[in-house]
Colleague: 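Have a look at this one before I ask anything.
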Number of protein chains: 2
Amino acid sequence: MQNTTSDAMANAIRFLSLDTIVHAGEGHQGVPLGMAEIATALFTRHLKFDAANPTWPDRDRFVLSNGHGSMLLYSLLYLTGYEKISLDQVKTFRELGSHCAGHPEIDPACGIEVTTGPLGQGIANAFGMAVAEAYLSARFGTAVVDHYTYAFVGDGCLQEGVGQEMISLAGHLRLGKLVLFWDDNKITDDGATALSISEDVAARFRAADWQVIELDGHDVDAVSAAITLAKQDSRPSLLACRTTIGRGIPRVQGQRGGHSARLFSDDADAARELLGWPHAPFVIPADLLAAWRTAGRRSAADHTTWRARLAALSPDDRAEFERVQAGELPAGWREVLLSYKQRAAADTEPKPGIFASAEINDLLVEILPERIVGCADLEAPTSHKRSLAAFTAEDRAGAYVHCGVREHVMGAMANGIAAHGGAIPLAVTYLAFSDYERPAMRMAALMGLPVKFVFSHDSIGVGKNGPTHQPVEILAALRAMPNMLVMRPADAVEAAECWEIALDCRHTPASLIFARQALPTVRTRHSDDNLSRRGAYVLAKPEGGPRAVTLLATGSEVSLALAARDLLQADNIPTAVVSMPCWSLFDAQDADYRHAVLGNDTVRVGVEAAMRFGWDQYLGQRGGFVGMSGFGASGPAEQLYTLFGITPAAIVAEAKRHL
Amino acid sequence: MQNTTSDAMANAIRFLSLDTIVHAGEGHQGVPLGMAEIATALFTRHLKFDAANPTWPDRDRFVLSNGHGSMLLYSLLYLTGYEKISLDQVKTFRELGSHCAGHPEIDPACGIEVTTGPLGQGIANAFGMAVAEAYLSARFGTAVVDHYTYAFVGDGCLQEGVGQEMISLAGHLRLGKLVLFWDDNKITDDGATALSISEDVAARFRAADWQVIELDGHDVDAVSAAITLAKQDSRPSLLACRTTIGRGIPRVQGQRGGHSARLFSDDADAARELLGWPHAPFVIPADLLAAWRTAGRRSAADHTTWRARLAALSPDDRAEFERVQAGELPAGWREVLLSYKQRAAADTEPKPGIFASAEINDLLVEILPERIVGCADLEAPTSHKRSLAAFTAEDRAGAYVHCGVREHVMGAMANGIAAHGGAIPLAVTYLAFSDYERPAMRMAALMGLPVKFVFSHDSIGVGKNGPTHQPVEILAALRAMPNMLVMRPADAVEAAECWEIALDCRHTPASLIFARQALPTVRTRHSDDNLSRRGAYVLAKPEGGPRAVTLLATGSEVSLALAARDLLQADNIPTAVVSMPCWSLFDAQDADYRHAVLGNDTVRVGVEAAMRFGWDQYLGQRGGFVGMSGFGASGPAEQLYTLFGITPAAIVAEAKRHL
């Protein structure tokens, strides 16, 4: 069967993967053994990459969306010569601290573009990378931005809703430089795909205006020819590759066990026999390794000419390109926010929380052209388009992606944009629908991608649209997520401060959470300092004696706490109000600051139109809480606040109850 | 334009909706004005229902998946004569306490089958109802179970991933009695659908083996004829109805504002002029109202004959049918669990947590045939199929639905099954992927549907598959959700207890969360009492003096706490171990019990391989915590426990630090 050098090179992937999985005692052999020829065609004949310069900005992107097949990627990275992926490193597959983790973990310097594993995320990330490429290419020209994005995908990724959303939106946007390779092996973990799908997958892609090419995934030449066609088409392409899962292992190939059944050295021996691979475990013949290493530098010359083209840009353009690639912000952006903040402090007119964010973002359009805003069919109520043009099939210079009612792919697209580099993604929807994109948000947090997740309609303040649209538990659910900065500003001043913090984040996603309803200005005295940066701060000091009560509040409830403070002060109870826009930033402060803010020896009452869950860490033994204890209701917002007892009077009563 | 009685009846919907929305000052007119003729065709000529007996088990189910168009439903319910939906009630649309809430809120007695609003959920619920119908029909025969499920759906529901998953799975399962009516009006909130979709929706459905009928949605006869075709086909059907959004209002019809722009009485007047509706606001001419009321009883005779057929069942079958319809459990099920529990207490062999749940469920197969188990392509590792047959296009008697890698529709299907009644749904996947079905879980909690969400692989105990597959924040995120019982059993004994609690739940969904890894038996002494029912209990008492330390643990960490207790006791530190399988049940106990369990004057240390978030409510001023402070890693589970410091020695150190 090993008729050509390409076939032999594919077998180098296959046996390196197989030997490593046997060595590790577990792994998922289905993908590396089933997609070895596809990978060979892509990496040796098409992929623009340079293993010696893995982070070359204009490299083609490669995403292994079926991330459980990670051994395929590690084999490729070793064979093509990525420095950090030595053979010894490969042998640590699935061990603690290995670059070769159970699922690929983002590390572009190693050739791993994104973390994959949860199915569907990878292809949606790839879609985001293609969006970023198109946008950057429109901004900087094809001389410096002109690459493809390729993704390997299994049945699972295509069954997931996020994958389906991606198919629809990528087809709509005609992202012709996005190419998927479907490992059409008719097997999932449960067994035959016929157990759970009878859909005509090719027809489904065609319905969304993709080019679909059906071919034999074990024929390197056929795959290569299909890639050529894919690159020529203005539509995104699906290469539907018929493959045999676990190909080469007589005991499991083409069967359910091909996916990840435990393999033994007998299996490796039998595969050697079947495929005519006489080499000992982990031995790659020198000629094949040399051929692979040559493939690993196949675009080295392209890289050199690209550098020349970059150098030929105008100094301004080049500096700007390098700035956005480095993820650095330009001079002046901070001043825009500061100036807005100063005006906001003087503005006594209440303003919908989300509109403060919208105004801020509109002011940043000129100075931060690297922002790409996705929104899930809520343009008017979230208002983050304003002067942005739409990113469309015809106009790649637009920075606003109408994502349709597809929150999940919006979030995963944002991750892909961030992982691509050169752009800062925002993803905008209602907070109640954050659950729809939560799997993508988790991946942003896990990868440390600086995505800005923007949410409006953050509480019962939504009013008559009722409990489906009223978050009560979602603030807590997001705060529980590691490495996710959750911010809920109290007014336009804090909105500006939180945006400053979010834009400063380079390795952490941020959730910026805004009210739908009009919020009065609570920070009426301007301060150049970003008070929100410490997570919580004393907004109003006690008067007339030592502090007896501390009211801790966030977002729309800060003004209620201030009103309650007035009532308590009128009763001669010295009361402080603490605004807590970001818990995790506060938690990172030193103990002295935290104790000073919290007022450790005082009665503390948390105030938030949400569940108490998580609040107790700040409330202490004499702690009270005014908020929600269940889902909301449909009715006018002000009536709901009364119904659920979130009022200044209720705050006063709760404080007194604990005094 | 008002040529026939049917057209006039449609206008009765249209103007009642319009007048109510003008009266309320807000609402979404797009759906009621655009789908009035479709609704008329369905409700007056096809829908099997009896407004005087709204909860007739064999009624056709109707779901308004585009729930923002709720006024359409309320108009229908009033016109057809649902007692609770009087005209006065309709006039309270969107007011606090109204049956006519902003979005429909589940109340079968009012004719509202499920709560809808978050897009895509409703059609996925409808799919679940169709699964329940097919299953119950196979169980009890078509004499008593033989109905259709109809859903109205807008573009948003079809863009959402969960909707796409539904299309694929419903087509695969050939649920021929599921009929969708697509309000193909080319408009979403952002404006033209062309902003975000260019997909051939009909082709997409056909790719998934649906019957698709394209027609004029304002032609009552055409809609009726299409419904007849839909009912005759063995495939699920999409009626793609071309409509005009907001039809009748000259200022906004067919435009973006048709969706939900504020309307005024001038708009209502103009619509009256355009459509020739001379009646005053809220006035429905007597003949039309009579025609509608006749439609509301159109299946009354069917209902009578159905009751006769029910009466003709064998007494056993009838009793069983009535039992499952009432959601009551049969005699003997509790004893099955008790017997298992007794054996488990005596079993010293460690067992994977999820397998305890699998064993329990397998023992229940005979006695609880109303369970329908959905699983997202994880049959082997979750093991909840065992002796169940698969539910397939050919065999509706099977109770195991291979959902494919589609967690979201699995969860929403489970909600639909529960809302249908007559069956108890389980939805099984890994805990890390609960995020994918979280929007459906939220709806289960909001609706109070007794769905059993079963999760495996609940911590870093997953090991080498790494952080994508290791939940750390998800326990907290679920515990924050109101009305969701979150249970994490420590061993097979607690597993049996938690299953007993979950099965007793009639109005609350439960999340049953299990470890992948083998857990030693910690409850080695059998007790007939269900100790888990109080949420937390003292598992090991202090010895040698008054309690100095209380270790609070859940799930797989309880055995670590016990080992730590041994070490502390060896140092003469009297230590109690509290197992806390369910926080919310514990929170509901009286203060005396809670204080006694928590050991208020002791050092308390929480132990859980998860984030601390939420734990502080139990830890007090002298509280410590041993758990995770960030995401996990890829490596052997036991090494991860050491790496992240979740060991008996670390627990001891944390306790001593606070002593």
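This structure is a prediction, so every number in the text was calculated from the model and none was measured.
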Colleague: Heavy-atom cut-off 4.5 Å, strictly under: side chain, backbone, both or neither for B/Met611 against chain A?
Modeller: side chain

Colleague: Considering all heavy atoms of both residues, which atom of A/Gln159 and which atom of B/Arg406 are nearest to each other, and what is their separation?
Modeller: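 So the two residues come closest at O-CG, 3.5 Å.
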
Colleague: Is chain A contacted by the side chain of B/Thr115, its backbone, both, or neither, given a heavy-atom distance below 4.5 Å?
Modeller: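 For B/Thr115, side-chain heavy atoms alone lie under 4.5 Å from chain A.
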
Colleague: Where does B/Ala24 contact chain A at under 4.5 Å (heavy atoms): side chain, backbone, both or neither?
Modeller: backbone

Colleague: Could you have a look at A/His172, A/Glu473, A/Gln121 and say which one has the most heavy-atom pairs with chain B under 4.5 angstrom?
Modeller: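 Of A/His172, A/Glu473, A/Gln121, A/His172 has the most heavy-atom pairs under 4.5 Å with chain B.
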
Colleague: Under a 4.5 Å heavy-atom cutoff, which of B/Thr188, B/Thr193, B/Ile197, B/Val162 has the most pairs with chain A?
Modeller: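 Highest number of heavy-atom pairs under 4.5 Å: B/Ile197.
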
Colleague: Apply side chain to side chain donor-acceptor pair (under 3.5 Å) to B/Ser198 and A/Asp209, showing your working.
Modeller: CA-CA 8 Å; B/Ser198 10; A/Asp209 206 17; 5.8 Å; no

Colleague: Counting heavy-atom pairs under 4.5 Å to chain B, which of A/Glu165, A/Gln617, A/Arg204, A/Gln639 comes out on top?
Modeller: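 Between A/Glu165, A/Gln617, A/Arg204, A/Gln639, the count favours A/Arg204.
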
Colleague: Mind listing the closest non-hydrogen atom pair of B/Ala477 and A/Ala477 along with its distance?
Modeller: CB-CB, 3.8 Å

Colleague: Looking only at heavy atoms, which two atoms of B/Ala480 and A/Ala476 are closest? And how far apart?
Modeller: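 B/Ala480 and A/Ala476 have their closest heavy atoms at CB-CB, 3.7 Å.
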
Colleague: Heavy-atom distance under 4.5 Å to chain B: side chain of A/Arg442, backbone, both or neither?
Modeller: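 Both backbone and side chain.
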
Colleague: What residue in A/Val409, A/Leu195, A/Asp200 has the most heavy-atom pairs under 4.5 Å with chain B?
Modeller: A/Leu195

Colleague: Who wins among A/Glu95, A/Glu105, A/Gln164, A/His402 for the most heavy-atom pairs under 4.5 Å with chain B?
Modeller: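 Of A/Glu95, A/Glu105, A/Gln164, A/His402, A/His402 has the most heavy-atom pairs under 4.5 Å with chain B.
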
Colleague: Can you measure from CH2 (A/Trp210) to CD (B/Glu199) and round to the nearest 0.5 angstrom?
Modeller: 11.5 Å

Colleague: When rounded to the nearest 0.5 angstrom, what is the spacing between CZ in A/Phe613 and CG in B/Asp616?
Modeller: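 Rounded to the nearest 0.5 Å, the CZ-CG separation comes out at 10.0 Å.
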
Colleague: With a 4.5 Å cut-off on side-chain heavy atoms, are A/Leu96 and B/Leu640 touching?
Modeller: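 When only atoms from C-beta onward are counted, A/Leu96 and B/Leu640 do touch, with a gap below 4.5 Å.
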
Colleague: Select one option (side chain, backbone, both, neither) describing which atoms of B/Thr116 are under 4.5 Å from chain A's heavy atoms.
Modeller: backbone

Colleague: In terms of heavy-atom proximity below 4.5 Å to chain B, should A/Leu478 be classed as side chain, backbone, both, or neither?
Modeller: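 When you check distances to chain B, no heavy atom of A/Leu478 falls under 4.5 Å.
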
Colleague: With a 4.5 angstrom heavy-atom cut-off, is it the side chain or the backbone of B/Met441 that approaches chain A, or both, or neither?
Modeller: neither

Colleague: Flag the one option from B/Cys375, B/Gly635, B/Ser434 with the top tally of heavy-atom pairs under 4.5 Å to chain A.
Modeller: B/Gly635

Colleague: Check each atom of B/His408 against the heavy atoms of chain A and say whether the ones under 4.5 Å are side chain, backbone, both or neither.
Modeller: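 Contact with chain A: side chain only.
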
Colleague: Can you say whether B/Arg256 sits under 4.5 Å from chain A via the side chain, the backbone, both, or neither, judging by heavy atoms?
Modeller: side chain

Colleague: Would a distance-only check, ignoring hydrogens and angles, find a side-chain to backbone donor-acceptor pair under 3.5 Å from B/Asp189 to A/Leu378?
Modeller: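 Between the backbone of A/Leu378 and the side chain of B/Asp189 there is no qualifying donor-acceptor contact (under 3.5 Å).
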
Colleague: Check whether A/Arg612 gets within reach of chain B through its side chain, its backbone, both or neither, counting any heavy atom under 4.5 Å.
Modeller: neither

Colleague: Between A/Cys157, A/Ala208, A/Ala440, A/Gly466, who has the most heavy-atom pairs with chain B when the cutoff is under 4.5 Å?
Modeller: A/Ala208

Colleague: For the interface with chain A, which of B/Gly620, B/Ala633, B/Gly614 has the highest count of heavy-atom pairs at distances below 4.5 Å?
Modeller: B/Gly614

Colleague: For B/Glu26, is it the side chain, the backbone, both, or neither that has a heavy atom closer than 4.5 Å to a heavy atom of chain A?
Modeller: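 When you check distances to chain A, only side chain atoms of B/Glu26 fall under 4.5 Å.
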
Colleague: Tell me the closest heavy-atom pair linking B/Val472 and A/Pro482, and the distance in Å.
Modeller: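 Looking at all heavy atoms of both residues, the closest pair is CG2-CG, 3.7 Å.
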
Colleague: I'd like to know which of B/Gly97, B/Ser629, B/Ala445 tops the heavy-atom pair count under 4.5 Å against chain A.
Modeller: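 That would be B/Ala445.
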
Colleague: Between B/His28 and chain A, which part of the residue has a heavy atom less than 4.5 Å away: side chain, backbone, both or neither?
Modeller: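 The side chain, not the backbone.
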
Colleague: With a 4.5 angstrom heavy-atom cut-off, which part of A/Met443 approaches chain B: side chain, backbone, both or neither?
Modeller: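 Side chain of A/Met443 only, per the 4.5 Å heavy-atom cut-off to chain B.
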
Colleague: B/Thr392, B/Asp377, B/Val401, B/Thr468: which one forms the most heavy-atom pairs within less than 4.5 Å of chain A?
Modeller: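 Most heavy-atom pairs under 4.5 Å with chain A: B/Asp377.
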
Colleague: Of the backbone (N, CA, C, O) and the side chain (C-beta and beyond), which part of B/Trp583 lies under 4.5 Å from a heavy atom of chain A, both, or neither?
Modeller: side chain

Colleague: Who wins among A/Leu619, A/Leu119, A/Leu475, A/Asn465 for the most heavy-atom pairs under 4.5 Å with chain B?
Modeller: A/Asn465

Colleague: Side chain from CB out, backbone as N, CA, C, O: work out which of these in B/Ala194 comes under 4.5 Å of a heavy atom of chain A, or both, or neither.
Modeller: backbone

Colleague: Checking B/Phe433 against chain A: side chain, backbone, both or neither under 4.5 Å from a heavy atom?
Modeller: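 Just its side chain gets close to chain A.
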
Colleague: Among B/Gly102, B/Ser196, B/Gly156, which residue has the highest count of heavy-atom pairs closer than 4.5 Å to chain A?
Modeller: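 Highest number of pairs under 4.5 Å: B/Ser196.
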
Colleague: Classify the ring geometry of A/His103 against B/His469: parallel below 30°, tilted from 30° to 60°, perpendicular beyond 60°.
Modeller: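 If you compare the ring of A/His103 with that of B/His469, the planes turn out parallel.
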
Colleague: Say whether, by atom type as modelled, one donor and one acceptor occur between the side chain of A/Arg438 and the main chain of B/Pro439 under 3.5 angstrom.
Modeller: no

Colleague: Please state whether the side chain, the backbone, both or neither of B/Ala390 comes within less than 4.5 Å of a heavy atom of chain A.
Modeller: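 Contact with chain A: none, neither part.
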
